[in-house]
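The structure appears right after this line, and notes come after that.
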2 protein chains.
Amino acid sequence: MASNLLAKNKHTILYAVALALLLFLLKWLELKLIIVDNAYEIYMGAIAVFFTVLGIWLALKLTKPKTVVVEKQVYVNNGPKFIINQTEVEKLGLSKRELDVLQLMAEGLSNQEISERLFVSLNTIKTHSAKVFEKMEVKRRTQAVEMGKRLSIIP
Amino acid sequence: MASNLLAKNKHTILYAVALALLLFLLKWLELKLIIVDNAYEIYMGAIAVFFTVLGIWLALKLTKPKTVVVEKQVYVNNGPKFIINQTEVEKLGLSKRELDVLQLMAEGLSNQEISERLFVSLNTIKTHSAKVFEKMEVKRRTQAVEMGKRLSIIP
DNA sequence: TTCGGGCTCATACTTTAGGGTGATTTTGGA
DNA sequence: TCCAAAATCACCCTAAAGTATGAGCCCGAA
């Protein structure tokens with residue numbers, strides 16, 4: 001505990017001790033030079049310069065380390081907010097039902113599963129999907145899904 | 001040109017002038033206090049403290065402007081940069097080739113087209129895709145693609 | 001009311017996808 | 001060097017997807 005405190009404030013303590021020593025030195029110099037009493041100006045100048053330098057040194061040492069420039073890229077994951085691109089839907093001429101089918105396709109459902117989900121027959125789904133492919137000018141459901149995502153027609 | 005130089009170094013010049021003034025003050029104080037010649041210690045201490053503070057102040061002022069923390073909030077809206085989730089790939093145990101196939105699947109290619117793209121036979125692609133489905137625990141390519149996108153395995 | 005588009009469903013057929021099995025060759029690492 | 005995993009390919013069979021065509025129903029606009 002005590003050693004911990006010592007360690008943490010060791011810089012401050014070091015500076016305090018150094019300052020005390022310097023004050024002693026100053027006193028000694030004063031006593032020494034008091035004899036040569038005509039050296040006032042030099043003495044004063046030396047003191048001034050010395051303590052100025054000391055101040056600068058102290059400030060530089062005790063100042064917090066320079067803040068480093070951190071360019072942090074916070075990439076927001078765009079959240080779950082999906083806004084369907086109605087314009088594209090109309091441009092393609094997709095009907096509501098066709099959009100439903102496309103959506104379920106994108107979730108990886110088979111035609112059979114889609115038909116069950118929508119309470120219609122498998123054949124109906126086939127018809128819808130065929131129309132979707134035709135309107136989107138694609139050949140496969142995977143392509144339709146890919147294009148649908150690119151056009152923001154589906155999440 | 002000359003005014004430019006003046007402007008650029010105006011701080012330095014200002015400090016120099018201030019320092020000169022202070023030296024004059026010092027001289028004046030010296031002359032004044034020389035009479036009261038028993039005030040040496042106080043005088044010295046004052047000088048020391050004053051110049052220390054001056055030094056600290058100088059250091060703080062002259063120090064390069066603290067590097068400003070540029071908090072760059074670049075929120076990438078779904079940016080075009082895709083970083084593959086290697087962790088998930090390893091978790092699933094997908095091999096390089098399997099990943100290739102999955103990627104091309106996601107682009108909407110048929111097995112035939114994928115085989116042509118990768119210069120292998122259709123059967124090979126079938127084998128790869130079967131392994132992909134098995135490892136991803138899905139039944140169809142559309143599901144594999146959907147899951148792949150969710151896990152950031154594919155763009 | 002007529003007409004067209006959307007939705008539904010069906011039948012028949014072709015193509016593609018996927019499952020299962022087995023085999024050979026490459027290759028990266030112990 | 002030797003092994004395990006990866007990669008390659010083949011065959012057979014079933015399931016699902018996709019194509020083509022036709023038809024009935026409903027609703028809203030002309």
Side-chain angles (χ1 to χ4, degrees), chain A residues 84-151 153-154, chain B residues 84-151 153-154:
Chain A
I84 181 170
N85 190 337
Q86 199 61 42
T87 314
E88 283 296 339
V89 175
E90 284 161 15
K91 196 180 294 177
L92 293 173
L94 291 178
S95 74
K96 185 187 169 301
R97 210 53 164 169
E98 286 157 2
L99 206 56
D100 289 342
V101 172
L102 179 58
Q103 228 141 10
L104 295 175
M105 268 183 188
E107 291 179 20
L109 301 192
S110 68
N111 286 341
Q112 182 65 55
E113 288 166 340
I114 295 174
S115 75
E116 285 161 9
R117 189 76 75 87
L118 298 181
F119 304 106
V120 295
S121 83
L122 171 61
N123 286 311
T124 302
I125 300 304
K126 285 190 175 185
T127 306
H128 285 320
S129 63
K131 286 217 147 202
V132 168
F133 302 153
E134 187 186 328
K135 288 177 178 176
M136 294 182 90
E137 297 178 319
V138 296
K139 296 199 181 307
R140 282 173 289 281
R141 67 213 281 99
T142 46
Q143 284 183 345
V145 169
E146 202 274 335
M147 171 169 284
K149 283 185 185 280
R150 270 199 297 103
L151 299 182
I153 287 175
I154 45 181
Chain B
I84 181 168
N85 190 338
Q86 200 61 42
T87 314
E88 283 297 339
V89 175
E90 283 162 15
K91 196 180 293 175
L92 293 173
L94 291 179
S95 74
K96 187 186 167 300
R97 210 51 164 170
E98 286 158 2
L99 206 57
D100 290 342
V101 172
L102 178 58
Q103 228 142 9
L104 294 175
M105 268 183 189
E107 291 178 19
L109 301 192
S110 68
N111 286 342
Q112 182 63 56
E113 288 165 339
I114 295 174
S115 75
E116 285 161 10
R117 188 77 76 86
L118 298 181
F119 304 105
V120 294
S121 82
L122 172 60
N123 286 312
T124 302
I125 300 304
K126 284 190 175 185
T127 306
H128 285 320
S129 63
K131 287 216 147 205
V132 168
F133 303 151
E134 185 187 329
K135 288 177 178 178
M136 295 182 88
E137 295 178 320
V138 297
K139 296 199 181 308
R140 283 174 288 282
R141 64 214 283 98
T142 46
Q143 285 183 344
V145 168
E146 202 274 334
M147 171 169 284
K149 283 183 185 281
R150 270 199 297 103
L151 299 182
I153 286 175
I154 46 181

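Note that the structure is predicted; figures quoted are calculated from it, not measured. In what follows, chains are A, B, ... by sequence order, proteins preceding strands, each numbered from 1.
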In whole Å, I'd like the distance from the [atom1] atom of [X] to the [atom2] atom of [N].
X         : N       : atom1 : atom2 : value
Glu134(B) : dT21(C) : CD    : C1'   : 13 Å
Gln143(B) : dA17(C) : CD    : P     : 16 Å
Asn123(B) : dC12(D) : CG    : C1'   : 11 Å

Between the opening five pairs and the closing five pairs of the helix from dT1(C)-dA30(D) to dA30(C)-dT1(D), how far apart are the helix axes, to 10°?
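Nearest ten degrees gives 50° for this helix.
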Partner residues of [X] under the side chain to side chain donor-acceptor pair (under 3.5 Å) criterion, sequence neighbours left out:
X         : answer
Arg150(B) : Glu146(B)
Thr127(B) : none
Lys149(B) : none
Glu116(B) : Gln112(B)

Close N/O contacts between protein and nucleotides 16-18 of chain D (under 3.5 Å):
residue	atom	partner	partner atom	Å
dA17(D)	OP1	Asn111(A)	N	3.4
dA17(D)	OP2	Asn111(A)	N	3.0
dG18(D)	OP1	Arg141(A)	N	2.7
dG18(D)	OP2	Arg141(A)	NH1	2.8
dG18(D)	N7	Lys126(A)	NZ	3.4
dG18(D)	O6	Lys126(A)	NZ	2.8

Residues which pass salt bridge (charged side-chain N to carboxylate O under 4.0 Å, His left out) with [X], listed by chain and number, not counting sequence neighbours:
X         : answer
Lys131(A) : none
Lys139(A) : none
Glu113(B) : Arg140(A)

Between Arg141(B), Lys126(B), His128(B), which is the residue that forms a side chain to side chain donor-acceptor pair (under 3.5 Å) with Asn111(B)?
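The side chain to side chain donor-acceptor pair (under 3.5 Å) with Asn111(B) is passed solely by Arg141(B) among Arg141(B), Lys126(B), His128(B).
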Show me the side-chain donor-acceptor pairs of residues 86-94 of chain B shorter than 3.5 Å, one per line, residues at least two apart or across chains.
residue	atom	partner	partner atom	Å
Glu88(B)	OE2	Lys91(B)	NZ	3.4

Output a table of nitrogen or oxygen pairs between the protein and nucleotides 5-8 of chain C separated by less than 3.5 Å.
residue	atom	partner	partner atom	Å
dC7(C)	OP1	Arg97(A)	N	3.2
dC7(C)	OP2	Ser95(A)	OG	2.2
dT8(C)	OP1	Arg97(A)	NE	3.1
dT8(C)	OP1	Arg97(A)	NH2	2.9
dT8(C)	OP2	Arg97(A)	NE	3.0
dT8(C)	OP2	His128(A)	NE2	2.8

Sequence neighbours excluded - salt bridge (Lys or Arg N to Asp or Glu O under 4.0 Å) pairs with any residue from residues 92-108 of chain A:
Lys96(A)-Asp100(A), Arg97(A)-Asp100(A), Glu98(A)-Lys135(A)
